[in-house]
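Only one structure is covered here, and it is reproduced in the block below.
Keep in mind that the numbers below use all heavy atoms, side chains included, and drop hydrogens, waters and symmetry copies.
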Amino acid sequence: MSHWRQALVDRAPWVIIGLALVVFGAGLGLRDPWPADEPVYSLIARDMLKSGNWLIPMVGGDYFQDKPPLLFWLQAVGYLVTGSQRVGFLLPSLLAAIGTLLLVYDLGRRLWNREAGFHAALLLLFTVQFTMQARRAQLDALLVFFTVLSLYCLLRQLLLGAY
């Protein structure tokens, strides 16, 4: 393996995070929520902040019980942290996608080696549908993250040999 490839693999988590921020974060904050779901989700999070009602999602005074509230809570926290609705509504998906990449890297590293984990994370990073979902304010990126996290925890438990 050449010297520069070895250096990339040695710093794999940071390289993955840096590449993900470039790919997923390009243009962050330059667009408003797009139809069909993003505007509704964004308004729910904004209304949570305005009303102080974090328990029951509402939009326009009506209850919104179609989706679990985790995305709305994270978007509201994103608004609080960034002070921007244009950035805050996309942060949960971006962070969930980066978390998924790191889980895939670590799992590949543990099952095979660091290079295999690095390549697995890069392949996922440059998968079109994964990247599209990481750049949208929808539940998909969070669902993928928590699904991969649950499988990661199961495999870690099996790899450690504790039953």
Side-chain angles (χ1 to χ4, degrees), residues 1-2 4-46 48 57 59 64 66-156:
M1 182 182 310
S2 67
W4 67 270
R5 273 184 65 192
Q6 184 61 44
L8 281 178
V9 171
D10 289 344
R11 294 172 184 82
W14 296 110
V15 172
I16 291 167
I17 291 170
L19 285 173
L21 286 174
V22 169
V23 172
F24 302 150
L28 186 71
L30 296 179
R31 71 173 181 91
D32 291 322
W34 291 343
D37 296 327
E38 286 184 349
V40 173
Y41 296 167
S42 180
L43 288 175
I44 291 169
R46 188 194 67 190
M48 280 182 173
V59 62
F64 187 83
D66 297 348
K67 305 287 183 188
L70 180 62
L71 175 67
F72 315 132
W73 294 337
L74 294 175
Q75 285 180 332
V77 169
Y79 296 160
L80 286 173
V81 169
T82 64
S84 168
Q85 187 172 354
R86 287 181 146 192
V87 174
F89 84 102
L90 292 170
L91 276 183
S93 295
L94 182 136
L95 295 175
I98 290 173
T100 303
L101 291 171
L102 292 174
L103 288 172
V104 166
Y105 163 74
D106 193 54
L107 195 57
R109 179 183 68 84
R110 290 175 187 278
L111 289 173
W112 294 284
N113 57 43
R114 289 190 316 201
E115 190 173 0
F118 182 61
H119 288 138
L122 286 181
L123 284 172
L124 182 59
L125 172 64
F126 293 113
T127 302
V128 174
Q129 189 65 36
F130 181 78
T131 300
M132 286 174 46
Q133 292 304 321
R135 296 176 55 84
R136 292 185 180 157
Q138 295 180 343
L139 293 167
D140 301 54
L142 287 173
L143 177 62
V144 168
F145 171 74
F146 284 111
T147 302
V148 171
L149 179 62
S150 66
L151 293 171
Y152 176 84
C153 291
L154 173 68
L155 289 171
R156 283 288 308 269

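Side-chain N or O atoms of T131 include none that pairs as donor or acceptor with a backbone N or O of F24 at under 3.5 Å. Looking only at distances, no side-chain donor or acceptor of S93 sits under 3.5 Å from a matching main-chain atom of L90. Checking side-chain atoms of S84 against main-chain N and O of V87 turns up a donor-acceptor pair under 3.5 Å.
Residues satisfying the side chain to side chain contact (heavy atoms under 4.5 Å, CB included) criterion with I17, sequence neighbours excluded, are W14, L21, I98, L102. Legend: residues meeting side chain to side chain contact (heavy atoms under 4.5 Å, CB included) with P33, ordered by chain and number and at least two apart, are E38, P39, S42, F89. Judged as a ring-ring contact (aromatic ring centres under 6.0 Å, His included), and not counting sequence neighbours, Y152 has no contacts. Applying the side chain to side chain contact (heavy atoms under 4.5 Å, CB included) criterion to V81, with sequence neighbours excluded, gives V77. For L95, the side chain to side chain contact (heavy atoms under 4.5 Å, CB included) test picks out no residue, with sequence neighbours left out. Here Y41 pairs with F72 under the ring-ring contact (aromatic ring centres under 6.0 Å, His included) rule; sequence neighbours left out. For N113, there are no side chain to side chain donor-acceptor pair (under 3.5 Å) partners at least two apart in sequence or on another chain. Every residue meeting the salt bridge (Lys or Arg N to Asp or Glu O under 4.0 Å) condition with D32, not counting sequence neighbours, appears here in chain and number order: R86.
Expressed to the nearest 0.5 Å, how far CE of M132 lies from CG of D140 amounts to 10.0 Å. To the nearest 0.5 angstrom, C153 atom SG is 8.0 Å from L103 atom CG. Put simply, CZ on F146 and CG on L151 are 13.5 Å apart, with the number rounded to the nearest 0.5 Å. Within the model, atoms CG of L123 and CG of L101 stand 11.0 Å from one another, a figure rounded to the nearest 0.5 Å. Atom CD1 of I16 and atom CG of L125 lie 8.5 Å apart (nearest 0.5 Å). A distance of 5.0 Å separates CD in E115 from NE2 in H119, rounded to the nearest 0.5 Å.
Here salt bridge (charged side-chain N to carboxylate O under 4.0 Å, His left out) pairs that include residues 88-98, with residues two or more places apart or in two chains, number zero. Residue pairs meeting the salt bridge (charged side-chain N to carboxylate O under 4.0 Å, His left out) criterion with at least one partner in residues 11-27, sequence neighbours excluded, are absent. Residue pairs satisfying the salt bridge (charged side-chain N to carboxylate O under 4.0 Å, His left out) criterion with at least one member in residues 89-114, sequence neighbours excluded, are listed as follows: D10-R114, D106-R109, D106-R110. Sorted by first and then second residue, the salt bridge (charged side-chain N to carboxylate O under 4.0 Å, His left out) pairs involving residues 129-138 (not counting sequence neighbours) form an empty list.
Side-chain contact between Q133 and V144 is absent, with no heavy atoms from C-beta onward closer than 4.5 Å.
Considering all non-hydrogen atoms of both residues, P92 and L142 come closest at O-CD2, 4.2 Å. The two residues A137 and L71 make their nearest non-hydrogen contact at O-CD2, 4.2 Å. Smallest separation of non-hydrogen atoms from V9 and Y105: O-OH, 4.4 Å. Between A121 and V104, the closest heavy-atom pair is N-CG1, 3.9 Å. Across A45 and Y79, no two heavy atoms sit closer than the pair CB-CE1, 3.6 Å.
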